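Since the structure comes first, as structure tokens, the remarks are kept for the end.
Chain A is the first sequence line, chain B the second, and so forth, proteins listed ahead of strands; every chain is numbered from 1. Remember, predicted model here, so these are calculated numbers, not experimental data.
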Amino acid sequence: MTETSKPSSDSNSSGLGSAGAELPKQYKPADHEERIRARWDAAKAFHADPQRVLRGEAKPYCIVIPPPNVTDRLHLGHALNNTLQDVLARSHRMMGFETLWMAGTDHAGIATQAVVERRLKKDEGLTRQQLGREKFVAKVQAFKDEYEKIITDQLKLMGCSCDWDRQRFTMDEVCARAVREAFFRLFKDGLIYRGKRLVNWDPVLQTAVSDDECYDEELDSSFYYLRYPLVHRGTALPGGGLSDPQPITWNELARGGYPGAEQHPGEEQAWVTVATTRPETYLGDTAVAVNPKDQRANALRGLFVELPLVGRIIPIIEDDYVVLPAAMQADPEAAKSDPKAVFATGFLKVTPAHDPNDYEIGLRHKAAIEACGNAVLINMLAPDGSVSDKHGWTDVGDAHLFVGLPREKARKKVLEEFKARTVDNSSVPLLAETKPYRHSVKHSDRSKAIIEPYLSDQWYVKVTDDRLAPAANRALVAEQRKAEQQSGRAADGDGALRFYPARYAKTYEQWHDGIRDWCISRQLWWGHRVPVWSKSLADSANENVNSFAANEEIPKSMFDRLWSTFPSHLNASQLENMGFWVRDFFVPSTNEYVRYVCASSGVTAISVGQIESLGFAQDTDVLDTWFSSALWPISTMGWPDPRAAGPAFDGLLQAFNPTTTLCTAREIITLWVSRMVMFERYLMPEKWQAEKTTPKALESLAQNGQGRGPLPFKNVFIHAVIQDGEGRKMSKTLRNGLDPLDVIATHGSDAMRFTVCQMTTQTQDVRMPMTVDPATGRNTSPKFDLGRNFSNKLWNAARFTMSMLGASSHPTSDIPHPTSLIDRWMLSRLATATKEINDSIANFEYSNYAQTMYDLLWRDFCDWYLEAIKPTIATDKAQQAVLRATLDCILRLLHPIMPYVTEAVYEQVRLIPAATVRGISLGASRKGDLLCTAGWPEVNASLRDEKTEAAFERARALITAIREVRSQHAVQPKRRITLHAPAGLLDADASALVQTLAGVETITPSAPAANSVAMAFESSQLHLSNLKDAAAAGDTTAERERLQKVISDNEKSIATLEGRLNNPGYAQKAPPAMVKQTQDQLAKAKADKDAAAAALAAL
RNA sequence: GGGCGGGUAGCUCAGUUGGCUAGAGCAUUCGCUUUACAUGCGAGAGGUCCAGGGUUCGAGUCCCUGCCUGCCCA
């Protein structure tokens, strides 16, 4: 096998005949895949040369891989995603595009860190803190190396034609530089800021996590009802300060018109009851809210409650966010279906630092809360989730008994205390009631801990800025945008981004419309460290107290003035000359100035050492993984400075950016697609398209596009998600996942690829039932049999073809244009299929592509063409040329989906000298005689011939009809029978087809002598005879049944067709051609029925 | 709550501007060691296109309502 692929055998045409015969009967993927891959590698077949693009020798085609996370091996979803990309890459490479498929992996910050932390705990019993940051990061690095290799090997085994010489990793030096530069530019432009917000906090990993790193789980919990005593806030004392708060009695409330107050002992202190599922958070309450529509609101206006134990006085505020109890609602019955209304008391404890909704309420009622001398936000938890007075809670009072307790224990303790204690001056316990309640609770994906809404300082990207999210929406093509926002093209990237299928543009657009600023900091160790150093200075001169709001940026001169009192210092402009950007803030809570110094990507280690020696410390946080992913299309090509990245990056950005197509799953439209568009449009220069081919190109990269820059890609193809046989997501925990390597082991890479392509329709989910392969014990799926069988079919079709062409001599010139029906038909089918495939590729219709190939190879080529040419191929030179060319075209057309088997077959087929077939152009291979760089077949549309196809269909209909009779009559398959047909019914070509394919020995106009069977064909009656030996003839039962069925089928048709024609509106309004067609059908059905009836009568 | 899908043969799915008597693969039935392929060849059987309305000469396809189911966002 390998010998024949060596150049030395090129001239040895005598060996070709035997080459085909030597091929084994079955295609065994394992015998070929590794060798084929080695040939691709040796020829550097997938290495893109940007200079060919820049010299104008080829058009570019570029895909960047959605970098797989290094957390784990690839699963079948990756196999799908990457197969689809490879089909695009391979087809365009063959079409002559200079094709770059950029490969790489993603560091996947929290996911990878969590995996390694679990491993560390399991293997060594250590936490990351015990190991220390540096050693821990080294461990993650080793883990990453291990999985990066596994992933790369998996991709290679799948046949992915990535440019492996250009593989990147989101944390390698080239990508890291891009991250630092992007951060710097956004920081400098004020689009990155530091903010104190509520985030999803994972108390185990002790980091902020994003919503997509959380999941909801239903838990059995309880609603707890807490009584808060009502008070008057103290009155102003002559010497300043306030008197003690005074209890409010029920009598007083009753006088204020509080409904039901008179039912309580009049002299006792009154209270309100709040319902909560998290009673421990009461320590951070800063208000109690009531709905203004609540009848009790009026009597409570201007009153306060005193938080038990803490003693904090907080206002009662009115906010219509508060849910009215069911009984108070307009439709109490309807309200009973709303669990919140059922459980509500009408009073809501407001804990702005520990609940997102309360946070909003707190901001709305800031003045009322602060008037009590409290901050709106009181954070009563430490980062590990324990109650703490060190993180923003100062008025502990008698609540110190809770301090230091973890969340769960604190909850228990609060309930115990509230149960044991009473409202002052009464016997009413503070804990009113407990009701069981089942609700969904947010958990951290990575640690499984319950998420705590937590107030913390984080870095944000101001994506709400017009130059980011709105600019991303302007990128959409006009027809995929909301009509009212359509506008003309203003810049490079405007109006050129297109989603396939189009409906996903809506997801994309709505995301940007409702977007909030993006929290990019994570309190992790694995990731890109935030490139900001900071230093605080106390406001020693006390000169600016109260003149700046929290976290307000201040003039740099102010910090410089304080700074200048130190013996050695660098002022802001000196720092900026070193490549830093400086921003100064005042923090009122600590009465300090903070200088943030952000390093550009060009800042040297020396400069960093210098500022660190001055007391600047680098931020310990790392960036959200998506920050580096967002830069992927440009970071992988050397942005911001390809020259610094190395010679391999020469011309890459200019040749391949914007890339052509991004191929991904819908779940990351918002997380990734959006951010790539925002970042590239912001960071890449506005006139990139025009300038990238000029000598100024690299210099222009220093300019930000400010939202008017180019796009990272023009097309976004969103493909289906693979689920298991029950429609569940494939997951590790369910063990319902498939490893592509298992599928490759059981079925071969091509089989997997063909099957996933065939499954890829425009829907959003596809199901993949999984079974265990009995032979190997591996997880696989019977679905892949389809692809395996198809590979085998190609293999055998090629084997047959080579045995035919190898056995005869085949001249390479002076071949007449084929005239036989079957050859013209084959060429016509080929032309039709080629067009269909070209259209399918252009529209990402993979299933259609695969199906068209299947029909072309299996149905047209194997079932009909190869069977039909058997009698003539040995001597018909024109037919030999058609056979050779057709197989060659099929190999080329199929190669993008099934690269291995086609390449393996091509090794043989290319050695057969080819004669030119008019209308078919097959370009030579560009590298190493490989099919993967051979020309995409050009099949002239003039080869499509409707008359030929119709003539063939006619013959095929007759053949099928005869086969049916044969089957019904149990005619021996090898038996050659006689067809009685009027002279002139069939021409020579059609007769030959019928004889070959229907097992007909003789076609004669004479009437059958005896023992014949009648059959209808095109309104006339034909007969078949010589079906059986005379002795066996005589049983007419089968024939009766067959004819009865023909009659009843036709009667059904007649009824349908007559009904249609008798409809008066039909003849008037339907197109005449349609009416004519129906009439013809009716005539045929009637004739068929009559013929069958006559035959039945004659029996 | 808002948005987007899906519901067609036993199973998995096609069905592109409304127009053959609704297709494919698997499974199933019958017959074949037909000399490329049994991972194959030939021939069958199998569907109230979720339900109900509407538009139309004509609806799996378009519109409305409902039911079931999945995903995304809040």
Establish, with yes or no, whether the OP1 or OP2 oxygen of [N] is under 4.0 angstrom from a side-chain nitrogen or oxygen of [X].
{"X": "Thr761(A)", "N": "rC13(B)", "result": "no"}
{"X": "Lys974(A)", "N": "rU35(B)", "result": "no"}
{"X": "Lys506(A)", "N": "rG3(B)", "result": "no"}
{"X": "Trp858(A)", "N": "rC41(B)", "result": "yes"}
{"X": "Gln758(A)", "N": "rG25(B)", "result": "no"}

Take atom [atom1] of [X] and atom [atom2] of [N], then tell me their distance rounded to the nearest Å.
{"X": "Ile718(A)", "N": "rG5(B)", "atom1": "CD1", "atom2": "P", "answer": "14 Å"}
{"X": "Gln851(A)", "N": "rG25(B)", "atom1": "CD", "atom2": "P", "answer": "8 Å"}
{"X": "Glu964(A)", "N": "rC41(B)", "atom1": "CD", "atom2": "C1'", "answer": "17 Å"}
{"X": "His747(A)", "N": "rU39(B)", "atom1": "NE2", "atom2": "P", "answer": "12 Å"}
{"X": "Phe754(A)", "N": "rC13(B)", "atom1": "CZ", "atom2": "C1'", "answer": "14 Å"}
{"X": "Asp1080(A)", "N": "rC20(B)", "atom1": "CG", "atom2": "P", "answer": "15 Å"}
{"X": "Asn848(A)", "N": "rA24(B)", "atom1": "CG", "atom2": "C1'", "answer": "12 Å"}
{"X": "Glu836(A)", "N": "rA14(B)", "atom1": "CD", "atom2": "C1'", "answer": "13 Å"}

request  = Report which part of the nucleic acid Ala970(A) touches: base, sugar-phosphate, or nothing (heavy-atom distance under 4.0 Å, all strands).
outcome  =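 Nothing, no nucleic acid heavy atom in range.
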request  = Could you check whether Phe790(A) gets within reach of a base, just the sugar-phosphate, or nothing at all, counting any heavy atom under 4.0 Å?
outcome  =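 No contact.
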request  = Name the residue closer to the 5' end of RNA chain B, choosing between Ser847(A) and Met1074(A) according to the nucleotide with the nearest heavy atom.
outcome  =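 The 5'-side residue here is Ser847(A).
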ask   = 5'-most contact on RNA chain B: Gln510(A) or Gly514(A), nearest heavy atom basis?
value =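 It is Gln510(A), whose closest nucleotide lies nearer the 5' terminus.
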query = Mind checking the C1' distance from rA22(B) to rG15(B)? Whole angstroms is fine.
reply =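 Going atom to atom, C1' in each nucleotide, I get 8 Å.
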request  = Considering only atom P, compute the distance from rG46(B) to rG23(B) and round it to an integer number of Å.
outcome  =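 So the two P atoms sit 13 Å from each other.
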Pair Arg956(A) + Glu953(A): basic N to acidic O under 4.0 Å =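 Yes, this pair counts.
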query = Which atom pair, heavy atoms only, marks the closest approach of Asp750(A) to Glu33(A)?
reply =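 In terms of heavy atoms, the two residues are closest at N-OE2, 4.1 Å.
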Taking the side chain of [X] as its heavy atoms from C-beta onward, which of [options] lies nearest to it?
{"X": "Arg503(A)", "options": "rG5(B), rC20(B), rC37(B)", "result": "rG5(B)"}
{"X": "Pro1071(A)", "options": "rC71(B), rA36(B), rG19(B)", "result": "rG19(B)"}
{"X": "Lys25(A)", "options": "rC32(B), rC37(B), rC71(B)", "result": "rC37(B)"}
{"X": "Lys783(A)", "options": "rU12(B), rG3(B), rA36(B)", "result": "rU12(B)"}

query = Considering only heavy atoms and no angle criterion, is a donor-acceptor pair shorter than 3.5 Å present between the side chain of Lys793(A) and the base of rC37(B)?
reply =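 Such a pair is found, so the answer is yes.
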Side-chain donor/acceptor contact of Glu867(A) with base of rA36(B) under 3.5 Å =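 Present.
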ask   = Do you know which of Val677(A), Ile669(A), Val673(A) makes side chain to side chain contact (heavy atoms under 4.5 Å, CB included) with Val716(A)?
value =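 Running side chain to side chain contact (heavy atoms under 4.5 Å, CB included) over Val677(A), Ile669(A), Val673(A) with Val716(A) returns exactly one hit, Val673(A).
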query = Of the options Leu856(A), Ile869(A), Leu866(A), Leu883(A), which is the one that meets Met826(A) in a side chain to side chain contact (heavy atoms under 4.5 Å, CB included)?
reply =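 So the option named by the test is Leu856(A).
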message = Checking Glu836(A) against Asn848(A): is there a side-chain donor and acceptor pair closer than 3.5 Å?
response =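 On atom types as modelled, these side chains qualify, holding a pair under 3.5 Å.
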ask   = Which class fits the ring pair Tyr27(A) and Trp795(A): parallel under 30°, tilted 30 to 60°, perpendicular over 60°?
value =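 The rings of Tyr27(A) and Trp795(A) sit tilted, inter-plane angle from 30° to 60°.
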